[in-house]
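No hydrogens, no waters, no symmetry mates; every other heavy atom, side chains included, goes into these values. Remember, predicted model here, so these are calculated numbers, not experimental data. Here is how names work: the chains are called A, B, and so on, in the same order as the sequence lines, proteins then strands, and each is numbered from 1.
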2 protein chains.
Amino acid sequence: MRQSTNPTHVSLATVLQIRGGGLQALLWQRGREPFLGAWSLPGGYLEEGETLEQSIKRHLAAKVDVREVAHLEQLVTLSDPDRHPGEWQIATAYLGLVPTGVDPKLPVDTAWHRVSRLPRLAFDHREITLAGRERLRAKLSYTNIGFALAPREFTISELRELYANALGHDVSATNLQRVLLRRGVIENTGERRASGRGGGRPAAVFRFRTPRLEVTDEFAVLRPPSSR
Amino acid sequence: MRQSTNPTHVSLATVLQIRGGGLQALLWQRGREPFLGAWSLPGGYLEEGETLEQSIKRHLAAKVDVREVAHLEQLVTLSDPDRHPGEWQIATAYLGLVPTGVDPKLPVDTAWHRVSRLPRLAFDHREITLAGRERLRAKLSYTNIGFALAPREFTISELRELYANALGHDVSATNLQRVLLRRGVIENTGERRASGRGGGRPAAVFRFRTPRLEVTDEFAVLRPPSSR
DNA sequence: GCAAAAGTGTTGTGTCTACACCCATGT
DNA sequence: ACATGGGTGTAGACACAACACTTTTGC
């Protein structure tokens, strides 16, 4: 045990979703100083007896139904003594992902904001949010993390749209389909989507094969020799 | 401000080095309960006014000269309330790398241990160490992180040996050289190493081009279209 | 000359992008 | 018929592993 003071510890989360044609983050308008009125990440103090992951889930429950968060992973722990004016506070940030289409009822002080046009954020929450976006973009390339952003079933062009919004650049439907099929990340459900007003061939309906994060591309240059 | 108790916060580090023909971790034998006599990671309490990174550097200084740690990055923050018997303690773990050849004078309670044959470790330090090794292995593939394990100058076969030890499998000198040269990670110094007793062609001497972590292989499947 | 060690040439494979082309539907 | 998307076929670029072969040294 130790005598001197200890820092307070908060859990925070950048909760991201593709909505309104872009990548958006769930933000919360502060009701007290410091940064009164500024936007900030949801989260709050760590309580005795809980883990950080339990803590962030508990705090998120006040904003969104936790079951709507399809993926949650730890991002980084921030410890600059000046990050909070007037309090010695450590923050552990998480990245949370909510599938497209889910539209949680939000408290009045909470709203979605485009990550590409963030308002002024309290504390170091801007860098956390941008770090979350980078993590997401990287993992879209070599894991099945798309499952946490996509609805349960979707057409390739819907998925293409989603990847393009998350990655911030255009994505080819042709190649997206082939990459994800070759890796066994998505599968054809056998169903088809009726064609729209202007006609066009009905689209096949796909789904992600597993609802848990998996590394699908080992990107292992310098891989083990072919044991022969 | 907040009334109730706060957790204590410690910084820890898995410090890894290739030595004695294998990947080894710097461990410290505990001098007090709990886990008296067991081996554990170096580290200690976070002090007011310092960041976690400053904290781990300060604690490491008691074990090794901090200038000998060529790379340091945050790994993970552990918060299981039961991880420390008798204290509510959060730990933020770092990964530190020390170049081959550096042989720090160690205090008597400190020693290197092969990661593949770890003794029983205190707390959750075993999983931290293994997580550190995994992080290192992954980054060897797509970054220049080898700079932090290699001496300043080296031949390709020395580097091959080093990569093989870190990765845990054989590595081809031929392909290692080509991959790292193609990516511009290493460069030829122009010098040559004299051949040994049994003869053999003198080896060219190489060095890493930058002493800071860089991502060298964007592994970006689904990369942006070729802007035309 | 011969062994030893370093380094290059070359081939084959797999994964990816790009783009041409074919398919199924509505009007 | 023809427009509108959806989907497949295919060629080229690239990075890599594997392995044969050449180079440079000591003895």
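- Atoms CG (B:L181) and C1' (D:dA15) sit 15 Å apart, rounded to a whole Å.
- Separation of atoms CG (B:L23) and CZ (B:R137) is listed at 7.5 Å; rounding is to 0.5 Å.
- B:D170 places its CG atom 13 Å from the C1' atom of D:dA18, with the value rounded to the nearest Å.
- Between the side chain of A:N144 and the backbone N or O of A:R212 there is at least one donor-acceptor pair closer than 3.5 Å.
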For nucleotides 13-15 of chain C, print each protein N/O atom paired with a nucleotide N/O atom at under 3.5 Å, atom names and distance only.
none

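- When each of D:dG26, D:dA17, C:dT25 is scored by its nearest atom to the side-chain atoms of B:N175, the top-ranked nucleotide is D:dA17.
- As rounded to whole Å, 20 Å separates atom P of C:dC23 from atom CD1 of A:I156.
- B:E158 and B:R193 are joined by a salt bridge, as a carboxylate oxygen and a charged side-chain nitrogen come within less than 4.0 angstrom of each other.
- Remark: the backbone N or O of B:L46 is not paired with any side-chain donor or acceptor of B:R58 at under 3.5 angstrom.
- Distance OG1/B:T77 to CD1/A:I90: 9.0 Å, rounded to 0.5 Å.
- If you find the closest nucleotide of DNA chain C to A:L176 and to A:R197, the one lying nearer the 5' end belongs to A:L176.
- For the OP1/OP2 pair of C:dT17 and a distance below 4.0 Å, the side-chain nitrogens and oxygens of A:S172 include no atom meeting the criterion.
- Comment: B:E214 does not engage B:R209 in a salt bridge, judged by the lack of any side-chain N to carboxylate O separation of less than 4.0 angstrom.
- For the pair A:S195 and D:dT4, the criterion of a side-chain N or O lying under 4.0 Å from OP1 or OP2 is not met.
- The nucleotide whose nearest atom lies closest to any side-chain atom of B:V179 is, among D:dG7, D:dA17, D:dG6, D:dA17.
- Between A:Q177 and D:dT8, a side-chain N or O to OP1/OP2 separation shorter than 4.0 Å is present.
- The interatomic distance linking B:L159 (CG) with C:dG7 (P) rounds to 12 Å, in whole Å.
- A donor-acceptor pair is defined here as one N or O able to donate and one able to accept, closer than 3.5 Å; no such pair exists between the side chain of A:T110 and the backbone of A:W28.
- Distance, A:H169 NE2 to C:dT17 C1': 12 Å, rounded to whole Å.
- As judged by a 4.0 angstrom heavy-atom cut-off over every strand, A:A204 is placed among residues touching the sugar-phosphate backbone only.
- Base engagement by B:T174 is indicated by at least one non-hydrogen atom pair under 4.0 Å involving a base atom.
- Between the CG atom of B:L180 and the P atom of C:dG7 there is a distance of 14 Å, rounded to whole Å.
- Rounded to whole angstrom, the span from the CD atom of A:E191 across to the P atom of C:dA24 amounts to 19 Å.
- Rounded to whole Å, atom P of C:dC2 lies 21 Å from atom CZ of B:R201.
- Counting distance only, with no hydrogens placed and no angle test, the side-chain atoms of A:R178 and the base atoms of D:dG9 include a donor-acceptor pair under 3.5 Å.
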